[in-house]
Amino acid sequence: MGAHSGRHVTMHDVASSAGVSVSTVSLVLQDSQLISLATKTRVRRAVEELGYVYNRSAAQLRRHDSNAVGVIVNDLANPFFVEVLAGIEGRLMQDGFVVLVANTDNSCERQDAVLRSMREQGVAGVMLAPSQGTRRQALNDLRSWRTPFVLMVRSLGMGGCDFAGFENEMGSYLATQRMLQAGHRKLAYLGGLPSEVRNQRYRGFLKALRQYEVSRADHLEHWGAATRQFGFDGLHWLLRRQPGLEGVVCYNDIVAFGAIAAASRLGRRPGVDIAVAGFDDIRAAQHLNPPLTTISIDPHGFGAAAAQLWLQRRAAPEQAQRVHLSLPKLVVRRTA
DNA sequence: TTTGTTGGTGGGATTGCTGG
DNA sequence: CCAGCAATCCCACCAACAAA
């Protein structure tokens with residue numbers, strides 16, 4: 001420690017220890033061609049000995065840039081978003097960025113606060129999975145920063161923004177079709193609060209029913225939060241309404257998890273007495289008992305694709321809007 | 001007493017420059 | 001090839017002083 005105990009070790013300390021100037025230290029840290037190998041080794045050894053840690057915020061102060069990307073998701077309690085995050089982080093890390101994660105729990109107030117805080121941090125950009133009910137104004141604010149950003153999952157009907165989403169309608173269409181092909185006719189759609197994504201998925205459900213000429217009277221829907229608890233309660237509700245229910249198409253996997261728990265509790269074997277399908281294909285889906293039939297959109301790959309979109313936007317700010325839509329795939333396991 | 005103005009300082013790294 | 005100086009980034013914070 002010596003002369004500098006209690007303070008941070010700075011480039012200046014490294015410089016005097018190695019017997020060079022701070023300018024040289026800076027160049028060594030950037031692995032500049034201008035510095036001889038001998039000097040580089042000397043400086044690096046001093047860095048090692050003093051335990052010097054590069055101060056990125058000082059560099060940021062000087063250069064007006066940051067290597068932190070704000071990633072804001074609306075429901076971190078859903079493992080789906082954790083997998084998406086892993087995909088994002090993996091891709092951004094390759095290009096030297098770090099991720100600043102925030103969870104809004106679907107609260108617009110928290111989203112506003114988090115966005116403000118990201119801005120205060122001076123992040124290099126933002127990737128946002130908007131809260132339910134996000135207003136246009138919030139996005140216009142974001143746009144006015146002139147920082148690269150992409151929207152994920154919900155586009156909010158915003159033109160001119162980069163967007164990474166899924167073919168929702170096709171996904172639930174595939175799940176519903178699977179049940180219809182198995183001969184089920186008394187079907188229900190379970191979960192989801194009014195939103196663009198919910199509407200698209202519901203539309204896919206209806207489209208399949210129409211194709212198989214299932215009468216309006218034969219199907220049900222029950223709307224609510226995309227949670228395990230709602231799936232659990234929701235299935236009870238549906239079975240009270242329609243004891244002869246044959247299949248449930250769920251808004252997402254965790255709703256399906258809840259529904260399966262409820263079915264088992266009520267003595268209806270999932271996949272035998274009642275069909276259940278999810279949406280997302282989170283990892284836990286395959287280890288459920290019985291393994292969940294679901295729609296895979298590869299959350300990890302989706303996250304990587306969204307990050308790629310962000311990187312491209314950052315590299316080319318004036319480029320026209322880009323959209324990535326992940327294609328859903330039906331993954332047949334045991335529950336449908 | 002409250003409120004406003006001005007100027008200086010610290011916090012570390014980056015970069016252009018001169019000169020040996 | 002490199003030392004070393006100087007300017008620079010932004011802003012919170014403080015002191016000193018002035019005006020209302």
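FYI, side chains are in, hydrogens and waters are out, and symmetry mates aren't considered; it's all heavy atoms of this structure. First the proteins, then the strands, lettered A, B, ... as listed; each starts at 1.
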Without decimals, in angstroms, what is the distance between [X] [atom1] and [N] [atom2]?
X: A:Leu27; N: C:dC2; atom1: CG; atom2: C1'; answer: 9 Å
X: A:His12; N: C:dA3; atom1: NE2; atom2: C1'; answer: 13 Å
X: A:Tyr52; N: B:dA13; atom1: OH; atom2: P; answer: 4 Å
X: A:Met11; N: B:dG12; atom1: CE; atom2: C1'; answer: 7 Å
X: A:Arg56; N: B:dG11; atom1: CZ; atom2: C1'; answer: 17 Å
X: A:Arg119; N: C:dC11; atom1: CZ; atom2: P; answer: 12 Å
X: A:Gln60; N: C:dC11; atom1: CD; atom2: P; answer: 11 Å
X: A:Leu29; N: B:dG12; atom1: CG; atom2: P; answer: 15 Å

Legend entry - Cationic N near anionic O, under 4.0 Å, A:Arg322 to A:Asp162: no
Inset, instruction - Indicate yes or no: does A:Arg203 engage A:Glu169 in a salt bridge with an N to O separation below 4.0 Å. - result: yes
Legend entry - Nearest non-hydrogen partners of A:Gln111 and A:Ser131, listed with the distance: OE1-N, 2.7 Å
Legend entry - Smallest separation among heavy atoms of A:Phe279 and A:Tyr251, with atom names: CB-O, 3.3 Å
Legend entry - Side-chain N or O of A:Thr24 closer than 4.0 Å to phosphate OP1/OP2 of C:dG4: no
Legend entry - Polar contact flag, side-chain donor to acceptor under 3.5 angstrom, A:Thr39-A:Ser36: yes
Scan [X] against the nucleic acid and name what it touches under 4.0 Å (heavy atoms): base, sugar-phosphate only, or nothing.
X: A:Gln30; answer: sugar-phosphate
X: A:Ser21; answer: base
X: A:Gly122; answer: nothing
X: A:Ile35; answer: sugar-phosphate
X: A:Val20; answer: sugar-phosphate

Legend entry - A:Ser36 side-chain proximity, nearest of C:dC2, B:dG16, B:dA13: C:dC2
Inset, instruction - Looking only at side-chain atoms of A:Ser26, point me to the closest of C:dC2, B:dA13, B:dT14. - result: B:dT14
